[in-house]
Structures are given as structure tokens and as C-alpha cells.
Visitor: 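Right, I'll just put the structure down here and ask away after.
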2 protein chains.
Amino acid sequence: MSDLLERLRGRGWRMTAQRRVVAEVLDGDHVHLTADEVHARAVERLPEISRATVYNTLGELVTLGEVLEVSTDRRAKRYDPNAHRPHHHLVCARCGAIRDVHPTGDPLGDLPATERFGFTISDVEVTYRGVCPNCVSA
Amino acid sequence: MSDLLERLRGRGWRMTAQRRVVAEVLDGDHVHLTADEVHARAVERLPEISRATVYNTLGELVTLGEVLEVSTDRRAKRYDPNAHRPHHHLVCARCGAIRDVHPTGDPLGDLPATERFGFTISDVEVTYRGVCPNCVSA
DNA sequence: GACTTGACTTAGACAATGTCCATTGTAGGA
DNA sequence: TCCTACAATGGACATTGTCTAAGTCAAGTC
């Protein structure tokens, strides 16, 4: 994650204790925290950090392209630090667990021109839904 | 839409003025209204209808499989009456316009076993994002 | 047609998530 | 060290959705 901090500093991002903590909380694979979860973990390290700052910082990281917003459920947005490796998501319908997945195939190529309605398409998002091993056996 | 009303009645769905209005509002192709939009249109025909009833009715239609819930943006859920023909969605990033699309290809088959993490997958949701012709020229 | 009953509807309180703003604080350059 | 622009704070507000208690009504029965 020091990578991320370095990159951000190099891009002129003003470094503060709050921003550092938010970036650190987002480190790792298969991390998909909600803003509130990020806030909760950030508070453990920096008790005074406010909700608004967490929202602001997450929004900035998304704008900078360092973090992706993911909406796998219909509740809170989740934040995925794995922004530099394109991937899709697999979600457990019971417990909400999320895994990053890398399907073969080309969904964009699968959409014929007649089905594009004149849109200029820039992105495809694929969400697989199912039940995870834990929930199946439970 | 009388089809839908007939089907519902046949399934023992108690018919009320409110439910009829909600079902009628949802009629058509490329219809993807939010609960609030459904409520607004329902109020035009039945001024006393309450928000709670619209939410309840939409929830029931989803449970019955007559309407799909769609989350194309991160704001409100949208309701898609075209539940009997499988399809995906194409969304304009600027104005939010939504079209139903039918890609070729098999996204489920494109996910290798090694990428399934033991999940039992039941559904795939694909959302194409881009800019619609209106917004491009504007 | 009137009665009955359980399902439906209502209004409003409440909850969860997110945004905005005025004020206060501070990182980093001069 | 001092300045200044940018960041953080906290609390009000907005949006979307859920819940509940009380009233209302659709549809079956007589």
C-alpha cells in the first residue's frame, strides 16, 4: 500500500493523517468495504476521523482511479482497491461475501451493433450471483 | 398489461385499485422506473395512494417474478416489467437512460471453475455503460 | 344486498446511506 | 516561522427505503 501512498503523493495529493489511514484500511485483495466499514476501521486508528472525511477521501480515490466503486448489493456502495487489474465480481446471495473473478470471453464484443442503440460504450460490469460454500453447507 | 392483471388474479392476488394502478404504470418496453417515479405516476391516477403501498406492491411483484429489480445506478432501485424475457442493460452515464439489450455469448460459461471459489452460481447480471446518442451530440 | 374476515392501505415515524456547508485546523511551500 | 490554500470536522439535511398501528375494503358466504 506504500505504493499507493507514493503514487498519490507523486500526483500532488496532499497527505494527511486521515487520508493515510483511509488508504491503509483499503489495502489487500478481495477487499470490498462499505464507506461505513472503512470509517469504523479508520476510527480504530484515528478516533477523531469524521464520516464526511471518509466519504470525501473515498470519493477522491475513486476520481483518481485508484479505487473502484462497486454496487453488488442494493445497499451501500463498496470500495475496491484493486483498480489496476480489471475484474468482475462474484457475490453470495446469502451472506454477501464478494470475490474478484476474471472471466474469459469478451462481453463487449458480445453486444451486436444493432443492440447498441447508438451508444458509445466504454465499460462493462458483470456480477455473478450465487451461494458460497459456507452458506451452502450451512 | 391486462395479461399481467389476469395472471395475478389467477394466482390469487387480491385486486385493489392501488395494485391495478401500479401494475398499469409499469406497462411497456424499456420501462425502468424508480419506486418514487412509480409513485408519482400512480398518484396522477389515484391521488391517495401512499408511498408504502407502492413499495409493498413493487416488492410483491418482484417476489412473484413479474417484475425485476434493477440497480443500474447507485441511487434508487428500478423496476423492469420485462421479467419474462432475459436481458441485460445498457446505461447512459450522463443522462441515465436505460435500454434493454440481448448480448450473444454466455457469461456464465466464461467463468472457469477455478474462478468460482466453490460458489453455486445461479445468475449473471451484465451492465454496459456508455454515452447515448443524445448526450454525445449535446 | 348485507355481513364477515383477513388481507390491504395509510400516514407518519424511523433507519440507513450519503451530501453539503460553515467553521476550524494544518501540510507544505516561501 | 509564517501563510495560505486545501483538508477535516460535525451537524444539518436529503434521499431512499422499512416498519407499525389503526383504519379500510375485496371477495366469499349467506
Side-chain angles (χ1 to χ4, degrees), chain A residues 5-6 8-25 32-64 66-80 96, chain B residues 5-26 32-64 66-80 96:
Chain A
L5 291 178
E6 275 318 303
L8 292 172
R9 197 189 290 275
R11 294 172 73 171
W13 209 51
R14 189 161 142 184
M15 190 52 58
T16 68
Q18 292 85 348
R19 288 176 167 194
R20 195 192 325 276
V21 165
V22 169
E24 285 170 1
V25 163
H32 307 89
L33 299 170
T34 64
D36 243 32
E37 287 163 353
V38 171
H39 180 239
R41 298 190 187 195
V43 162
E44 291 172 9
R45 309 194 196 187
L46 191 65
E48 333 78 65
I49 191 171
S50 76
R51 272 183 355 116
T53 296
V54 170
Y55 276 100
N56 289 341
T57 304
L58 289 172
E60 280 159 25
L61 289 171
V62 170
T63 300
L64 292 169
E66 296 291 348
V67 165
L68 290 179
E69 251 178 31
V70 182
S71 298
T72 52
D73 59 24
R74 277 75 186 204
R75 303 176 53 98
K77 294 180 220 175
R78 293 177 175 276
Y79 294 88
D80 183 337
Chain B
L5 291 178
E6 275 318 305
R7 271 204 304 280
L8 292 172
R9 197 189 290 275
R11 295 172 73 172
W13 209 51
R14 187 161 142 186
M15 191 51 58
T16 68
Q18 291 85 348
R19 289 175 166 193
R20 194 190 326 277
V21 166
V22 169
E24 286 170 1
V25 164
L26 283 174
H32 307 89
L33 299 170
T34 65
D36 242 32
E37 286 164 353
V38 171
H39 180 238
R41 298 192 188 193
V43 162
E44 291 172 9
R45 308 193 197 187
L46 191 66
E48 333 78 66
I49 192 171
S50 76
R51 273 184 351 117
T53 296
V54 170
Y55 276 99
N56 289 342
T57 304
L58 289 171
E60 281 159 23
L61 289 171
V62 170
T63 300
L64 291 169
E66 296 290 349
V67 165
L68 290 179
E69 251 179 31
V70 181
S71 298
T72 52
D73 59 25
R74 277 75 185 207
R75 302 178 54 100
K77 293 181 223 175
R78 292 177 176 276
Y79 294 88
D80 183 337

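We use all heavy atoms of the structure for the numbers below, so side chains are in, but hydrogens, waters and symmetry mates are not.
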Visitor: List for me each residue that meets side chain to side chain donor-acceptor pair (under 3.5 Å) alongside Thr72(A), sequence neighbours excluded, and say none if there are none.
Guide: none
Visitor: Extract, from 5' to 3' on DNA chain D, the first and final nucleotides lying under 4.0 angstrom from some heavy atom of chain B.
Guide: dT15(D) to dA27(D)
Visitor: When you measure from every atom of DNA chain D, which of residues 52-59 of chain B have a heavy atom less than 4.0 Å away?
Guide: Ala52(B), Tyr55(B)
Visitor: Please compare Arg51(B) and Arg19(A) by the position of their nearest nucleotide in DNA chain D and report the one closer to 5'.
Guide: Arg19(A)
Visitor: Do you know the tightest heavy-atom contact between Val25(A) and Ala42(A)?
Guide: CG2-N, 4.0 Å
Visitor: Applying ring pair (Phe, Tyr, Trp, His ring centres under 6.0 Å), name anything that partners His39(B), two or more places apart in sequence or on another chain.
Guide: none
Visitor: Would you name the heavy atoms of Ala76(B) and Thr34(B) that are closest together and state the gap between them?
Guide: CB-CG2, 3.8 Å
Visitor: List for me each residue that meets salt bridge (charged side-chain N to carboxylate O under 4.0 Å, His left out) alongside Arg45(B), sequence neighbours excluded, and say none if there are none.
Guide: Glu24(B)
Visitor: Which ranges of DNA chain D pair up as stems, where a stem means three or more consecutive Watson-Crick or G-U pairs with both distances under 3.5 Å?
Guide: C:1-30 with D:1-30
Visitor: Taking Arg11(B) for its side chain and Leu64(B) for its backbone only, find out whether a donor-acceptor pair lies under 3.5 Å.
Guide: yes
Visitor: Taking salt bridge (charged side-chain N to carboxylate O under 4.0 Å, His left out) as the test, write out the residues that go with Arg20(A), two or more places apart.
Guide: none
Visitor: Could you give the NZ-to-C1' distance, from Lys77(A) to dG18(C), as a whole number of Å?
Guide: 7 Å
Visitor: Determine yes or no for a side-chain-to-main-chain donor-acceptor pair under 3.5 angstrom, with Arg9(B) supplying the side chain and Met15(B) the backbone.
Guide: no
Visitor: Does anything in residues 32-50 of chain B reach DNA chain D, meaning a heavy atom under 4.0 Å, and if so which residues?
Guide: Ala35(B)
Visitor: Within the sub-3.5 Å range, which N or O atoms of nucleotides 22-27 of chain C have a protein N or O partner, and how far apart are they?
Guide:
from	atom 1	to	atom 2	distance (Å)
dT26(C)	O2	Arg14(A)	NH2	2.8
dA27(C)	O4'	Arg14(A)	NE	3.2
dA27(C)	O3'	Met15(A)	O	3.2

Visitor: Applying side-chain contact (heavy atoms from CB on, under 4.5 Å), name anything that partners Leu68(B), two or more places apart in sequence or on another chain.
Guide: Asp80(B), Ala83(B), His87(B)
Visitor: Can you tell me how far apart CD (Glu69(B)) and OG1 (Thr63(B)) are? Round to the nearest 0.5 Å.
Guide: 8.5 Å
Visitor: Please list, one pair per line, the donor and acceptor atoms closer than 3.5 Å that link side chains of residues 46-55 of chain A to other protein atoms, with sequence neighbours excluded.
Guide:
from	atom 1	to	atom 2	distance (Å)
Ser50(A)	OG	Thr53(A)	N	3.2
Ser50(A)	OG	Thr53(A)	OG1	3.1

Visitor: Of all heavy-atom pairs between Leu26(B) and Tyr79(B), which one has the smallest distance, and what is that distance?
Guide: CD2-O, 4.0 Å
Visitor: Given side chains that start at C-beta, do those of Arg41(A) and Leu33(A) come closer than 4.5 Å, heavy atoms only?
Guide: yes
Visitor: Would you please name every residue forming a side-chain contact (heavy atoms from CB on, under 4.5 Å) with Arg75(A), sequence neighbours left out?
Guide: Asp73(A)
Visitor: Just wondering, do Thr57(B) and Val38(B) contact through their side chains at under 4.5 Å, heavy atoms?
Guide: no
